[in-house]
Amino acid sequence: MTAEPSTPIGRPEPAGGGGLALIGRLAAAPLARLAAAYLLLAAVFAIAADHFLTTDNFLNIGRATAVFGIAALGLTVALIAGALDVSFGAVMSVCGILAAERIAAGDGAAAAVAVALAVGVGLGLVNGLLTAVLRLDALIVTLGTFSIFGGWAFLHTNGAPTPASDDAFARIGRGETLGIPTPVVIMIAIALVLAVVLRWTGFGQRCYLVGDNPRAATLVGIRAAWVRAAALAISGLTAAIAGVVMVANAGVANAGEGERQLLNAIAAVVIGGTALAGGSGLIVGTLLGIAVLGTIDNGLNLLGVSSTWQDVLKGVIVVFALVLDRIRRRDA
Amino acid sequence: MGQDVRRRRAAAERLVQDLETGAVSRRQFIARATALGLSVPTIAGLLAACGDDGGGSTAGGSTAGGGTAISSSGGARGAEAVAAKVYPDGITSDPEYKGPNGGSRVAFLPPDAYDGTDEHGIRRWVCYDFTADKPYRIAFAHFSAKWDLSVEMAARAERAIKAMGCEPLIFDNNFDADQAIKNVDLIVQQQADFVVEAQIFPDANKAIYKRLEAAGIPSGYFAVEGPDGALFEDAGNLRMCTALGEWLGEYARDNWDGQVDLVMLAAQPRAGAYVAEREVGYRAGIKKVLPDLPDSVFVEFDSQGLLDESQKKAADVLTAHPDAKTILGCGSNDDAAVGIVRALEAAKRADTAAVAGQAGQASAVEELKKPDSPFKVSAFTDIETVPWLAAIGILELMGGEVAPVNFLPFYLITSDNVGDFPPQAGTLA
């Protein structure tokens, strides 16, 4: 087993006493540093951009990030278990299209969502089974299935958009729950569930162990391949939910739409501190990563900065996060 | 041999006399002259000398380059000046117009240029009404097989090229500049006589043009411009979006007494100068109706032509303009326009907003069906007109003079007439 990082995200903090020691530990914690960085970012925008510090604006940020955010949460679980899932964008497209087809067939929102979620879990399990049975790296498997699922979406629709006009279905993407955009509520609910699963269930703990050192996990009796398969199924489920929200918002499903969420979702997970090699990470970190990306877009929009510069800046932040991840692992 | 020549000459002289006296129509003249074996320049010269058949095509103006062997059965409608000699009946031209490539000569296909329906019940377009003088190989490289409208364009182009007596070669550019350039090698290998390029990268079009030019193959570009002076066809971003801008301006004038607090322009700055003409058109159209509108109310953002991206950016623009009540939205395409609509709805500011888009995308069709939607108008181009560029290429191969910039008709679609517009996909492919 590798040596434990001094303050890894997703691991218990080392014991210690006293208020000053606690502040010191917080300052050294990656999550606390990320939160501090986010607050600094928000403070800069609050000063520089009028209307940044308003409730409506933060709801805008939530709305703008919910689709890739939901996918990023499931991806976090897979990545913690050491399975980088790059097929989730294609899964989003497939599930969104199937949901739209159910709507078009007059089956109603509940049936459309049920079909999409079932297929999402199924496709995640396909990834997981291929990884487990063939003992292949998840990245390789999901690269292949990304192409297969995405290609199927185009073949199935012939590239044609599928309208999804149903009021109940549309509320999933455009409605509000207790004054908060429904997609944001869905994202927070998923985050809470996954945080509990990772922190307080045996499965969650096994994800960390398998991601950190699969051989050691196997030696202590954990079926590492099946843990990863389950984690990939969770990633498929959240991709399906993201796909449903995406189509419900747009009112139309298009093949290829989900794939565009790939970079943002992976960036959010990486910025949130989840190690690309697996074994560490927290849902709250991914939430912060999502918030960072959304806030950068929003703040720069309010300041009138061109989207090209926004892309450059986001790229710099992702590279910076990866460098930090590497340094952290090297120090560990 | 000599007797045959004399007989044909006599027949030709009688035909010319018939044309002069009006005993034969212009169309009949072209058909008979072609059968007699008269050359294209000769037919064009005779037509220019003898005037029209009263069906609407007018002679006169420059005829450099001669005419074409057009055996038109459609009604001649309003052709004039230069194009009267070089295009099938029904096409007009504007010698004064400045096109996006700087071309001073632009041809228009007017909305009434159709000629009935074919055996499949599909509207038959004027380009089917002439036959090439030999079976040219016409390549049509379309945007992507992953886009239903592109598949439909290719299918209709294939049908039109065959109907004009030529051999179609269809290629899939797969929304990929590299693939489009690789296709050029295949096109050269298959010895195409003319190439219609439909792909989305302006710079790749320049590379494609150079490769084809080196191989001696003329080419034309659809929707995204080629290099300056290259043959080009589109609905015309500037004129189409100017019309949409005028529509929005009139809506504001009629419903809000001309008071507009904010105009959101969902642009696509990365798509090149020609696409940028959409925003120029929107501004010009709105200002034409509301000349006193200050420039400060116009806010442009990069939507990338995508619904979700446009929605995010529009939401931020609305946040930055909390006091704006009467709002106009201008989408670079329909998806971008629907993105503005979603942002307005989320901000609960859709009641005093009017949004326009263009292209006829599915998102617009769905939105226009809702009578209460702020999405008020879109400009649709009939996909059936796309093969015109193949017809223009064939005309050029036949020695006809063609305008460098060619505009297709477009239709302003609102909730009142969205149900009347013919389906764009699924009818042929």
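To find a chain, count down the sequence lines: A is the first, B the second, and so on, and within it residues start at 1. Quick note: numbers below take in every heavy atom, side chains included, and nothing from hydrogens, waters or symmetry partners.
- Contacts of Ala160(A) with chain B are made by both backbone and side-chain atoms, with heavy-atom separations under 4.5 Å.
- With chain A as partner, the option from Arg342(B), Glu366(B), Lys312(B), Gln311(B) having the largest number of non-hydrogen pairs under 4.5 angstrom is Arg342(B).
- When each of Ile61(A), Asp297(A), Asn60(A), Thr65(A) is scored by its heavy-atom pairs under 4.5 Å with chain B, the top score falls to Asn60(A).
- The distance from the OG1 atom of Thr319(B) to the CG atom of Asn298(A) is 6.5 Å, given to the nearest 0.5 Å.
- If you check the side chains of Gln310(A) and Asp302(B), you find no donor sitting under 3.5 Å from an acceptor.
- Interface remark: of the candidates Ala346(B), Ser363(B), Ala145(B), Ala346(B) forms the most heavy-atom pairs closer than 4.5 Å to chain A.
- Neither the backbone nor the side chain of Asp50(A) has a heavy atom closer than 4.5 Å to any heavy atom of chain B.
- Of the listed residues (Val299(B), Leu306(B), Val338(B), Val317(B)), the one with the most heavy-atom contacts under 4.5 Å to chain A is Leu306(B).
- One distance of note links CG of Leu302(A) with CG of Asp316(B); it measures 5.0 Å at 0.5 Å rounding.
- Summarising the local packing, NZ of Lys370(B) is surrounded by more than 12 heavy atoms from other residues, nucleotides or ligands at distances under 6.0 Å.
- Minimum heavy-atom separation, Asp308(B) to Arg260(A): OD1-NH2, 2.9 Å.
- Here the side chains of Ser307(A) and Lys313(B) are in contact, with some heavy-atom distance below 4.5 Å.
- If you take CZ on Arg270(B) and CG on Asp311(A), they are separated by 4.5 Å, rounding to the nearest 0.5 Å.
- Listed options Ser165(A), Pro161(A), Ala250(A), Gly251(A) were ranked by heavy-atom pairs under 4.5 angstrom with chain B; first place goes to Ala250(A).
- With respect to chain B, the highest number of heavy-atom pairs below 4.5 Å among Thr308(A), Val67(A), Thr54(A) belongs to Thr308(A).
- Side-chain contact between Leu307(B) and Asn249(A) is present, with at least one heavy-atom pair separated by less than 4.5 Å.
- Contacts between Lys369(B) and chain A at a heavy-atom distance below 4.5 Å are absent for every atom of the residue.
- No donor-acceptor contact under 3.5 angstrom links the side chains of Asp148(B) and Asn158(A), judged on distance only.
- Neither the backbone nor the side chain of Thr162(A) comes within contact range of chain B; no heavy atom of the residue lies under 4.5 Å from a heavy atom of that chain.
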